[in-house]
Visitor: 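So that we are looking at the same thing, I have put the structure below in structure tokens.
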Number of protein chains: 2
Amino acid sequence: MDDTAISRPPRRRRKDARPAEIIDAGLREFAEKGFAGARLEDVARRAGIAKGTIYRYFADKEALFLAAARARVVPVFDDADAFVEAFAGSTRELLRLIVTQIYGRLVETDLRVLIRIVLAEGAIFPSLTEHYHREAIVRGRRLLDRIVARGIARGEVRPGPAADLPIVIVAPAIVASIWKMAFDRLDPIATERFLAAHLDLVCEGLLVHGR
Amino acid sequence: MDDTAISRPPRRRRKDARPAEIIDAGLREFAEKGFAGARLEDVARRAGIAKGTIYRYFADKEALFLAAARARVVPVFDDADAFVEAFAGSTRELLRLIVTQIYGRLVETDLRVLIRIVLAEGAIFPSLTEHYHREAIVRGRRLLDRIVARGIARGEVRPGPAADLPIVIVAPAIVASIWKMAFDRLDPIATERFLAAHLDLVCEGLLVHGR
DNA sequence: CCGTTTGATGACCCGCGGGTCATCAAGCGT
DNA sequence: ACGCTTGATGACCCGCGGGTCATCAAACGG
């Protein structure tokens, strides 16, 4: 009784749709298993294709990952840049909205796996690290620098060591992402609680008081 | 010309010293390559033993890692607990000293690899996550809770969402550890700068002002 | 309709590395 | 000195998974 032979759909050429399907399947597997732990056999199954087909579109596993990461990261920063560009309110409100967006688009989504993967596998695959640095870190830091400079110019941000290294401002969100990935199953902490603590710390710690 | 055959030291039994030597070698390999990337062949070479010898002392790779992690983590928390217990000064000073210690004993040492490894491999090896949670996270959080409660009782810490979730207080150090591991080569940020920004943010963000 | 192109398949290759175990020999006890 | 115990060795096993490629067949163009 071979069910596989009966129920298997006939092969179909779907050249235009395939890359995105493979990327999506890849990102899911990378999210669950990490880069090394994700098997291309599983990616292929998820995408409904044969493993060899992956190589028609991506040179190798790393190329698939890079494509998947890029597809996810670029829109996020494009949106954030546009948002900050257009924003006209107080720095407190801007921080609140940006930090909230970080939670909505990083902490609570599978984009957070990039943190895991780069940290975990970056030493073995330096190109992952370089790529992520270029696509996400440089852009993220530039955005934070911009928010801080704007705040200082408006007299709303207190100059000091924290304003000079704004990456510390988003550190709680990074830790929340790590928590969600590694410990939430054992020891749940609601995202809202991280967000509230984060905003509390950063608004009190960075802003000029009373502003 | 086989140099190996001439220069190889005779086998010697060193049962009592071996476990620590293997642990030390293991931790170094795990630090460089991550858990999955570290090869027991390399651990053995580093320890000056044959690979099979590792299995005389540790059931498998995971057992080696757990032993290595434990050997490193437990003393750090023992010291920190004792320090906080004995400390009689202001919360500002206590935070300064504890955060500085975190940088000295985590960010700047190979202990930071535990973050990487748990994050990377925890999904595949749940026992790693559980172990680390029990040994490090629970203790760490308890210590932070204690510092905050002490500070609130002395009127030095501002109650609020950040005080309710003190893990955000050490988030910059976690991010600094990640930075050191993943990005420092591409984009160096001096530890002192992280430390200054961290203390600036946390002292301003958490402490009652003027205290 | 038919020949050609090319997207899709899955059996297979092969290097990698965790783990095994027969053999060796250090060291102890008598 | 010798037999026994047990720590150490390294050749080997074998499963895993990334990548290959001969074969198939969908789809296009004449």
Side-chain angles (χ1 to χ4, degrees), chain A residues 2-23 25-26 29-30 32-68 117 121 123-125 127-128, chain B residues 2 4-23 25-26 29-30 32-68 117 120-121 123-125 127-128:
Chain A
D2 190 353
D3 284 338
T4 310
I6 311 173
S7 66
R8 188 169 201 87
R11 60 170 70 172
R12 287 178 52 216
R13 294 176 168 213
R14 304 179 65 252
K15 173 182 169 181
D16 293 325
R18 292 280 192 218
E21 290 170 359
I22 298 171
I23 283 175
E29 286 295 317
F30 294 133
E32 282 180 26
K33 312 279 175 57
F35 182 73
R39 301 162 63 232
L40 292 185
E41 183 74 57
D42 292 333
V43 173
R45 185 182 302 115
R46 231 188 235 272
I49 58 174
K51 179 160 67 89
T53 305
I54 296 176
Y55 295 87
R56 295 232 43 162
Y57 299 92
F58 304 99
D60 53 28
K61 190 176 182 181
E62 190 174 335
L64 172 58
F65 175 72
L66 291 178
I117 287 170
E121 337 264 351
I124 300 167
F125 303 106
S127 57
L128 293 187
Chain B
D2 191 348
T4 311
I6 313 175
S7 64
R8 188 171 202 89
R11 60 169 70 169
R12 288 178 52 218
R13 294 176 167 210
R14 306 178 63 255
K15 175 184 168 182
D16 294 325
R18 293 280 193 218
E21 291 169 358
I22 298 169
I23 283 174
E29 285 297 316
F30 294 134
E32 283 179 24
K33 311 279 177 56
F35 182 72
R39 301 163 63 233
L40 292 185
E41 185 73 58
D42 292 334
V43 173
R45 185 183 299 113
R46 231 188 235 273
I49 59 173
K51 178 157 71 88
T53 305
I54 295 176
Y55 294 89
R56 295 232 43 162
Y57 300 92
F58 304 99
D60 53 27
K61 191 173 180 181
E62 189 175 333
L64 172 60
F65 175 72
L66 290 178
I117 287 169
E121 330 275 350
I124 300 168
F125 302 107
S127 58
L128 291 187

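Atoms considered below: every heavy atom in the structure, side chains included; atoms not considered: hydrogens, waters and symmetry mates.
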Visitor: Check if the side chain of B:Arg11 and the base of C:dC24 share a donor-acceptor pair of N or O atoms closer than 3.5 Å.
Guide: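 It does, because a donor-acceptor pair links the side chain of B:Arg11 to the base of C:dC24 below 3.5 Å.
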Visitor: Closest approach to the side chain of A:Arg14, judged atom by atom: which nucleotide of D:dG17, C:dA8, C:dG7 is it?
Guide: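 Among the listed nucleotides, the one closest to the side chain of A:Arg14 is C:dA8.
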Visitor: Taking all atoms of both residues into account, what is the closest heavy-atom pair of A:Ala38 and A:Lys33, and its distance?
Guide: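 Where A:Ala38 meets A:Lys33 most closely, the heavy atoms are N-CB, 3.5 Å.
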Visitor: Toward the 5' end of DNA chain C, which comes first, B:Arg12 or B:Tyr55, by nearest nucleotide?
Guide: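 Final value for this comparison: B:Tyr55.
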Visitor: Please walk me through it: do A:Ile23 and A:Tyr57 pass side-chain contact (heavy atoms from CB on, under 4.5 Å)?
Guide: CA-CA 10 Å; A:Ile23 283 175; A:Tyr57 299 92; over 6 Å; no
Visitor: Which is more 5' along DNA chain C, the nucleotide nearest B:Lys61 or the one nearest A:Gly52? Just name the residue.
Guide: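 The 5'-side residue here is A:Gly52.
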Visitor: Separation of A:Ile49 atom CD1 from D:dC24 atom P, in whole Å?
Guide: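 My rounded result for the distance is 21 Å.
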Visitor: I want to check one thing: is the phosphate of D:dA8, taken as OP1 and OP2, less than 4.0 Å away from some side-chain N or O of B:Arg18?
Guide: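 Yes, B:Arg18 has a side-chain N/O under 4.0 Å of OP1/OP2 on D:dA8.
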Visitor: What's the CZ-P distance between A:Phe58 and D:dT20, to the nearest Å?
Guide: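 A:Phe58 atom CZ is separated from D:dT20 atom P by 16 Å.
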Visitor: How many Å lie between NZ on A:Lys15 and C1' on C:dT5, as a whole number?
Guide: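 Going from A:Lys15 (NZ) to C:dT5 (C1'), I get 11 Å.
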Visitor: Is any side-chain heavy atom of A:Arg45 closer than 4.5 Å to a side-chain heavy atom of A:Asp42?
Guide: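 A:Arg45 vs A:Asp42: side chains touch.
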Visitor: Looking for any heavy atom pair under 4.0 Å, which part of the strands does B:Ala47 touch: base, sugar-phosphate only, or nothing?
Guide: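 Contact class for B:Ala47: none.
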Visitor: Whole-Å distance between D:dG17 P and A:Ile54 CD1?
Guide: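 These atoms are roughly 14 Å apart.
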Visitor: Among A:Tyr55, A:Phe35, A:Phe30, which residue satisfies the side chain to side chain contact (heavy atoms under 4.5 Å, CB included) criterion with A:Leu64?
Guide: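 The passing option is A:Phe30.
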Visitor: Can a side chain N or O of B:Arg56 be found less than 4.0 Å away from OP1 or OP2 on D:dG7?
Guide: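 B:Arg56 to D:dG7 OP1/OP2: side-chain N or O found under 4.0 Å.
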Visitor: Does C:dA8 have OP1 or OP2 sitting under 4.0 Å from an N or O in the side chain of A:Tyr57?
Guide: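 For C:dA8, OP1/OP2 do have a side-chain N/O of A:Tyr57 under 4.0 Å.
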Visitor: Over how many whole Å does the gap from A:Leu64 atom CG to D:dG19 atom P extend?
Guide: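 For the pair A:Leu64 CG and D:dG19 P, the rounded distance is 10 Å.
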Visitor: Would you kindly give the CZ-to-P distance between B:Phe30 and C:dG17, to the nearest whole Å?
Guide: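 That distance rounds to 14 Å.
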Visitor: Taking CD from B:Glu41 and P from D:dG10, how many angstroms apart are they, rounded to a whole number?
Guide: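 In whole Å, D:dG10 P and B:Glu41 CD are 10 Å from each other.
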Visitor: Is the closest side-chain heavy-atom distance between B:Arg18 and B:Arg56 below 4.5 Å?
Guide: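 B:Arg18 vs B:Arg56: side chains apart.
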Visitor: Quick one: does A:Lys51 reach the base of D:dG19 with a side-chain donor-acceptor pair under 3.5 Å?
Guide: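 Side chain to base: pair found, below 3.5 Å.
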Visitor: Does B:Thr53 put a side-chain nitrogen or oxygen below 4.0 Å from OP1 or OP2 of D:dT9?
Guide: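 Yes, within the criterion.
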Visitor: Between P on D:dC16 and NZ on A:Lys33, what's the gap in Å once rounded to a whole number?
Guide: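 Interatomic distance, NZ of A:Lys33 to P of D:dC16: 14 Å.
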